[in-house]
Each structure stands twice: as C-alpha cells, then as structure tokens.
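Worksheet: one structure, shown below.
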Amino acid sequence: MDNFKTVMLIHERLRALNDRADALGRAVDQIDRRLVRVETVLEFATEGRFRPRLTRPGDHPSER
C-alpha cells in the first residue's frame, strides 16, 4: 500500500510540474511575440538600418 501512495504522490507532483512547464512555455511565447513587435518598431524607426545581433547567454563580445 505504501508503494501505491508513493506512486500517486509522484504522479500528482509530475502533473503539477507539467502545468508549470506549460505556463512557462506560454510566457516565453508571449515574450517572443513582444520582442518581434519591438524589433519591427525599431526597424521602421531606423528606416531599415536596425539589425539585431543575436547572442546566446554566456556569449561575450570579446570572444567573437
């Protein structure tokens, strides 16, 4: 019976973790859409001269 309780507890925790991961994914999608809008505004404001530099976390300009 203890094993069954343990499995049920793990199942509930995994479900909660999955819900949090889904919420995080939605938040990232929303941030991505906002970033695209900001880039579009900058592109119009600079008459096409705006070119974003894509960097990854941990990249340093001196390493390029």
Side-chain angles (χ1 to χ4, degrees):
M1 196 64 168
D2 286 340
N3 289 337
F4 180 72
K5 288 179 184 178
T6 301
V7 169
M8 292 304 294
L9 181 61
I10 291 171
H11 177 74
E12 287 303 315
R13 287 183 179 174
L14 284 174
R15 182 178 290 173
L17 182 60
N18 186 48
D19 292 344
R20 291 174 68 187
D22 288 344
L24 182 59
R26 286 189 300 274
V28 168
D29 288 341
Q30 190 175 43
I31 289 170
D32 184 56
R33 279 188 240 118
R34 287 180 173 194
L35 180 59
V36 168
R37 287 194 301 257
V38 168
E39 288 177 343
T40 301
V41 168
L42 286 171
E43 186 72 22
F44 281 120
T46 61
E47 297 176 353
R49 293 186 305 268
F50 174 73
R51 297 286 179 250
R53 279 193 228 172
L54 300 177
T55 60
R56 292 174 289 184
D59 283 352
H60 298 287
S62 62
E63 294 175 354
R64 292 181 188 170

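Only a predicted model underlies this, so the values are computations on that prediction, with no experimental measurement involved. All heavy atoms count here, side chains included; hydrogens, waters and symmetry mates do not.
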Any chance you could measure [X], atom [atom1], to [Y], atom [atom2], to the nearest 0.5 Å?
X	Y	atom1	atom2	result
I10	M8	CD1	CE	11.0 Å
D29	L24	CG	CG	9.5 Å
T6	H11	OG1	NE2	14.5 Å
E39	L42	CD	CG	8.0 Å

If you count every heavy atom of other residues, nucleotides or ligands that lies below 6.0 Å from E47 atom CD, does the total exceed 12?
no
